[in-house]
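Each chain gets a letter, A, B and so on, in the order its sequence line appears, and its residues count up from 1.
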Number of protein chains: 2
Amino acid sequence: MEDLEDVLRARGHRVSAARRLVLMALFAADRPVTAEEIASGLQGQVPRSDLTSIYRNLELLEQQGLAYHLHLGHGPRHYRLVEVDEPCYVVCERCERVDSVPSSDLDAIRAAIDDRVGYHASFRHFPLVGVCRACMATSSGRAWGIREGRS
Amino acid sequence: MEDLEDVLRARGHRVSAARRLVLMALFAADRPVTAEEIASGLQGQVPRSDLTSIYRNLELLEQQGLAYHLHLGHGPRHYRLVEVDEPCYVVCERCERVDSVPSSDLDAIRAAIDDRVGYHASFRHFPLVGVCRACMATSSGRAWGIREGRS
DNA sequence: CTGGTTGCAAAACCTTTGCAAAGTC
DNA sequence: GACTTTGCAAAGGTTTTGCAACCAG
């Protein structure tokens with residue numbers, strides 16, 4: 001956290017209270033969080049704050065490669081700090097469950113995609129979507145979910 | 001096209017001019033299109049029409065399993081008719097290029113995901129995102145793109 | 001002090017909803 | 001004729017922009 005503040009300062013950005021708060025929130029969260037969740041204080045984990053500033057600071061953190069956002073279905077973006085071993089998120093399109101797997105678990109899959117499709121795939125911006133084991137066993141037919149708000 | 005109209009009628013829906021127009025547009029398009037593109041007539045391929053009706057009709061077609069939408073990055077949804085051999089879309093995160101591959105090309109990949117992650121993956125709602133061969137060769141470092149409008 | 005940042009208000013963008021008028025079966 | 005569907009207007013939810021006041025370095 002101090003480290004990230006130093007990175008920002010070293011690159012000519014200032015570390016204001018609002019900016020520090022966004023960093024705190026991202027550190028405190030154990031999962032990707034929305035700007036709105038940060039603004040409302042992550043259930044008391046950090047002070048409430050202004051949504052606009054949060055968006056602006058998240059944008060800065062993304063530009064600086066310190067954070068990124070992804071889309072877990074429709075609804076607002078979810079943000080996370082960038083880390084060395086980034087997990088890959090997996091969403092069940094039936095029950096909406098969100099799992100995460102170590103990115104390295106997907107190396108073989110990325111290699112296969114490289115091979116078959118000619119793209120070096122990343123599952124960072126859009127997660128892997130599918131039907132989880134539980135839903136596979138339970139539900140019968142029917143397809144598409146991805147409810148929740150806007151996209 | 002007539003077939004789809006019959007399906008709708010058989011299920012108790014009416015086939016109005018506006019509804020037919022959405023079907024025409026989806027047939028005319030050789031790629032996933034946005035509601036806005038349909039509304040503005042797909043460059044003269046179909047008559048211009050009202051955006052609200054288009055959204056309502058696209059929703060109906062999705063409910064009826066005749067069409068679906070997907071997200072090619074940020075910006076508005078893209079809609080397509082459902083077909084037997086649905087292609088899978090692949091987006092380059094560097095140059096924004098959109099390719100499509102036969103869904104069957106991904107069978108091995110889906111099997112690997114089933115195996116490693118325990119999900120039966122689908123690349124329908126969110127396309128596969130990665131770096132294409134051309135960009136792999138050209139650009140050096142740098143990550144994330146997915147520009148264009150809202151999500 | 002200087003200029004990056006904030007917070008509020010307002011706009012922008014995509015999608016949905018309300019409702020009277022029009023159209024389908 | 002009964003009941004869907006339309007088209008317009010307006011609202012909704014998320015993200016961005018304008019701008020004066022504020023604050024970090």
Practice task
Indicate whether any N or O donor in one side chain lies under 3.5 Å from an N or O acceptor in the other, for B/His125 and A/Glu93.
Solution key: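 No, no side-chain donor-acceptor contact under 3.5 Å.
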Between [atom2] on [N] and [atom1] on [X], what's the gap in Å once rounded to a whole number?
X: A/His74; N: C/dC14; atom1: NE2; atom2: C1'; result: 12 Å
X: A/Leu58; N: C/dT6; atom1: CG; atom2: P; result: 11 Å
X: B/Leu60; N: C/dT16; atom1: CG; atom2: P; result: 13 Å
X: B/His13; N: D/dT6; atom1: NE2; atom2: C1'; result: 16 Å
X: B/Leu21; N: D/dT5; atom1: CG; atom2: C1'; result: 14 Å
X: A/Glu5; N: C/dT5; atom1: CD; atom2: C1'; result: 15 Å
X: A/Glu37; N: D/dG13; atom1: CD; atom2: P; result: 16 Å
X: A/Gln63; N: C/dG4; atom1: CD; atom2: P; result: 14 Å

Practice task
Go through residues 44-53 of chain B and report each residue with a non-hydrogen atom lying under 4.0 Å from DNA chain C, sorted by number.
Solution key: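 Residues of residues 44-53 of chain B under 4.0 Å from DNA chain C: B/Leu51, B/Thr52.
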Side-chain donor-acceptor contacts of residues 38-46 of chain B below 3.5 Å, not counting sequence neighbours, with atom names and distances?
{"residue": "B/Ser40", "atom": "OG", "partner": "B/Glu36", "partner atom": "O", "Å": "2.8"}
{"residue": "B/Ser40", "atom": "OG", "partner": "B/Glu37", "partner atom": "O", "Å": "3.4"}
{"residue": "B/Gln45", "atom": "NE2", "partner": "B/Leu42", "partner atom": "O", "Å": "3.3"}

Handout entry: salt bridge (Lys or Arg N to Asp or Glu O under 4.0 Å) contacts in which one or both residues fall within residues 43-52 of chain B, not counting sequence neighbours
Key =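 Those involving residues 43-52 of chain B do not exist here.
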Any protein N or O atoms within reach of nucleotides 19-23 of chain C? Criterion: under 3.5 Å, listing atom names and distances.
{"residue": "C/dG23", "atom": "N2", "partner": "B/Arg14", "partner atom": "NH1", "Å": "2.4"}

Exercise for the section: Specify the residue among B/Ala35 and B/Arg9 whose closest nucleotide of DNA chain C lies further upstream toward the 5′ end. Expected result: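 It is B/Ala35, whose closest nucleotide lies nearer the 5' terminus.
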Practice task
Starting from the 5' end of DNA chain C, give me the residue, B/Glu59 or A/Arg19, whose nearest nucleotide shows up first.
Solution key: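 The 5'-side residue here is A/Arg19.
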Problem - Those residues that, when tested against B/Asp114, pass side chain to side chain donor-acceptor pair (under 3.5 Å) (two or more places apart) - result: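 Per chain and number, B/Asp114 pairs via side chain to side chain donor-acceptor pair (under 3.5 Å) with B/His120.
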Problem - Test side chain to side chain donor-acceptor pair (under 3.5 Å) applied to B/Thr52 - qualifying residues, sequence neighbours left out - result: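 Partners of B/Thr52 under the side chain to side chain donor-acceptor pair (under 3.5 Å) test: none.
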Handout entry: Geometric cation-pi criterion, A/Arg124 with A/Tyr68: 6.0 Å, 45°
Key =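 Output yes; distance and angle both within limits.
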When the side chains of residues 2-15 of chain A are checked against the rest of the protein, which donor-acceptor pairs come out under 3.5 Å, sequence neighbours left out?
{"residue": "A/Glu5", "atom": "OE1", "partner": "A/Arg20", "partner atom": "NH1", "Å": "3.4"}
{"residue": "A/Arg11", "atom": "NH1", "partner": "A/Gln64", "partner atom": "O", "Å": "3.0"}
{"residue": "A/Arg11", "atom": "NH1", "partner": "A/Gln64", "partner atom": "OE1", "Å": "2.9"}
{"residue": "A/His13", "atom": "NE2", "partner": "A/Gln64", "partner atom": "NE2", "Å": "3.4"}

Problem - Qualifying residues under ring pair (Phe, Tyr, Trp, His ring centres under 6.0 Å), relative to B/Tyr119, sequence neighbours excluded - result: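 Checked B/Tyr119 against ring pair (Phe, Tyr, Trp, His ring centres under 6.0 Å); zero matches.
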Exercise for the section: Sequence neighbours left out, what passes side chain to side chain contact (heavy atoms under 4.5 Å, CB included) with A/Ser49? Give chain and number order. Expected result: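 Per chain and number, A/Ser49 pairs via side chain to side chain contact (heavy atoms under 4.5 Å, CB included) with A/Leu21, A/Ile54.
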